[in-house]
Amino acid sequence: MKTLFIYNPNAGHMQIKYNLYDVLNTLSKEYKDLVVYASEKTKDIVNYVKKNGSKYELIIVSGGDGSLSEAVNGIMSLKKKPKLGYIPAGSTNDYASSLKLSKDMKKCTKQIVEHKDIKKIDIGKFNEDYFVYVAAFGAFTEVAYSTPQDIKNAIGHLAYLLNGINSISKIKSYDLSIKSDNETYDGKYIYGMITNTLSVGGMYHLNNRNVKLDDGLFEVMLIEKPKDLIELQEITAALLNSKIKTKRVKIFKTKGLTIIPKSNMSWTLDGEYGGSPKKVSINNIPKTITLLK
């Protein structure tokens, strides 16, 4: 099997540096036709896969969730999509946790080589781009792509920030029109995320909501702007404990969404900057990537 191994040497405090020999040793024994590529900067992986990915039957990527997202964006551009393997080497690795991949890089490499489980996973389409596990807007996301890896998209950090606010006027909100499969929402929102994962930022757990990574559905969370400090406290409590409910936090499932902001609004896709489009169309592409695990 012609195989491409791509790794991000800077992911997870250069975690792969200490495991590279063992990872390559395991892979080279199984895959005789193995090509190795090390990324140097953002977009290296997606550009390399777009240009060269069609030559391979299997692409294995090692890095954080951002590296995985780049590899998937590259694969989605190919007519014939190679199988995918993921060796997590980042700090948070939300999606790797959702897939129940070993956090030990050597064990995870062995998992891929043995591939006792082959899973078809859903991918999100965001206008003309793709995301693996989360598209988000609003509070905290505008700085998410410039903050340390361990707090990217962390809902717990968002709750911490909201808890420290003593005036509703300090909270930035966005006037939005949101249309899902079954509902239309118009109002002011301080945060929203469209996910296909069991956790975000390693802190907000969605596995008690019957989340599946291959059901063709997103899990959506929208947070309305609170009217007073009491509602703000309710929102903070609900973010920290999913059993606590508030009318200001809407959670539902959908195949897709259309979101139109009435002012400029930035997005993050898998923790990286996703632009500020005037209209966003988000769709779930079910079971489109074949993952070895």
Side-chain angles (χ1 to χ4, degrees), residues 4-17 19-20 23 36-51 53 59-77 84-99 101 103 105 108 112 121-137 140-158 193-204 213 218 266-276 282 288-289 291 293:
L4 172 64
F5 173 63
I6 298 179
Y7 69 95
N8 179 356
N10 298 312
H13 307 294
M14 298 186 289
Q15 183 181 344
I16 196 166
K17 172 183 175 182
N19 294 277
L20 187 58
V23 169
V36 179
Y37 175 77
S39 66
E40 295 181 359
K41 58 184 183 299
T42 302
K43 300 297 183 184
D44 269 3
I45 294 176
V46 63
N47 291 333
Y48 190 87
V49 173
K50 282 182 177 180
K51 185 177 181 180
I59 294 176
I60 301 171
V61 60
S62 183
D65 289 333
S67 300
L68 174 66
S69 183
E70 284 199 31
V72 167
N73 268 270
I75 290 172
M76 291 300 292
S77 72
L84 177 66
Y86 180 34
I87 304 171
S91 300
T92 304
N93 297 318
D94 282 308
Y95 200 66
S97 298
S98 298
L99 292 168
L101 296 176
K103 294 181 180 179
M105 294 182 67
C108 190
I112 293 171
I121 58 173
D122 301 344
I123 297 297
K125 187 173 184 182
F126 179 95
N127 289 346
E128 298 305 314
D129 293 317
Y130 299 91
F131 64 95
V132 177
Y133 74 100
V134 62
F137 67 83
F140 187 54
T141 60
E142 288 189 359
V143 294
Y145 34 84
S146 61
T147 57
Q149 287 286 338
D150 59 343
I151 59 170
K152 277 190 175 180
N153 290 322
I155 297 300
H157 190 77
L158 171 61
M193 67 176 185
I194 298 91
T195 68
N196 190 40
T197 183
L198 300 182
S199 70
V200 178
M203 301 183 74
Y204 188 81
L213 307 183
F218 294 120
S266 297
W267 286 80
T268 68
L269 303 179
D270 296 334
E272 303 297 330
Y273 180 58
S276 304
I282 297 175
T288 188
I289 295 286
L291 188 84
K293 57 188 286 269

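What you see below is based on every heavy atom in this structure, not just the backbone, and it leaves out hydrogens, waters and symmetry mates.
- Every residue two or more places apart in sequence or in another chain that forms a side chain to side chain contact (heavy atoms under 4.5 Å, CB included) with K50 is listed here: V46, S77.
- Contact check for D270 versus Y95: no side-chain heavy atoms found under the 4.5 Å cut-off.
- For the pair Y48 and L4, the minimum side-chain heavy-atom distance is below 4.5 Å.
- Between V61 and L84 there is a side-chain heavy-atom pair separated by less than 4.5 Å.
- No side-chain heavy atom of I87 sits less than 4.5 Å from a side-chain heavy atom of Y7.
- Put simply, the side chain of V132 does not reach to within 4.5 Å of the side chain of D65, judged on heavy atoms.
- Panel note: side chain S67, backbone S62; no donor-acceptor pair is recorded below 3.5 Å.
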Checklist line | Residue pair Y133, V72: steps toward the side chain to side chain contact (heavy atoms under 4.5 Å, CB included) verdict | finding: CA-CA 11 Å; Y133 74 100; V72 167; over 6 Å; no
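- Distance check, rounded to the nearest 0.5 Å: CD1 of I282 to CD1 of I194 gives 4.0 Å.
- Note: F218 CZ to T195 OG1 = 9.0 Å, rounded to the nearest 0.5 Å.
- What you find for L99 and K293 is that their closest heavy atoms are O-CE, 2.8 Å.
- Within the model, atoms CH2 of W267 and OG of S276 stand 10.5 Å from one another, a figure rounded to the nearest 0.5 Å.
- Summarising the geometry of P88 relative to L101, their closest heavy-atom pair is CD-CD1, 4.2 Å, with the distance given to 0.1 Å.
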Under 3.5 Å, sequence neighbours excluded: what are the donor-acceptor pairs made by side chains of residues 123-131?
residue: N127; atom: OD1; partner: S281; partner atom: N; Å: 2.8
residue: N127; atom: ND2; partner: K279; partner atom: O; Å: 3.1

Next item on the list: Assess whether side chain to side chain contact (heavy atoms under 4.5 Å, CB included) is satisfied between N8 and I16, documenting all intermediate values.
Entry: CA-CA 8 Å; N8 179 356; I16 196 166; over 6 Å; no
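- S98 and T197 make their closest contact through OG-OG1, 2.7 Å (heavy atoms, listed as atom of the first residue, atom of the second, distance).
- Taking the side chain as every heavy atom from C-beta outward, E70 and T42 approach each other to under 4.5 Å.
- Atom CG of N10 and atom OG of S39 lie 7.0 Å apart (nearest 0.5 Å).
- When every heavy atom of A135 is checked against every heavy atom of L269, the shortest pair comes out as CB-CD2, 3.6 Å.
- Between V23 and F5, the closest heavy-atom pair is CG1-CZ, 3.8 Å.
- Summarising the geometry, atom CG belonging to D44 is positioned 9.5 Å from atom CD1 belonging to I6; distances are rounded to the nearest 0.5 Å.
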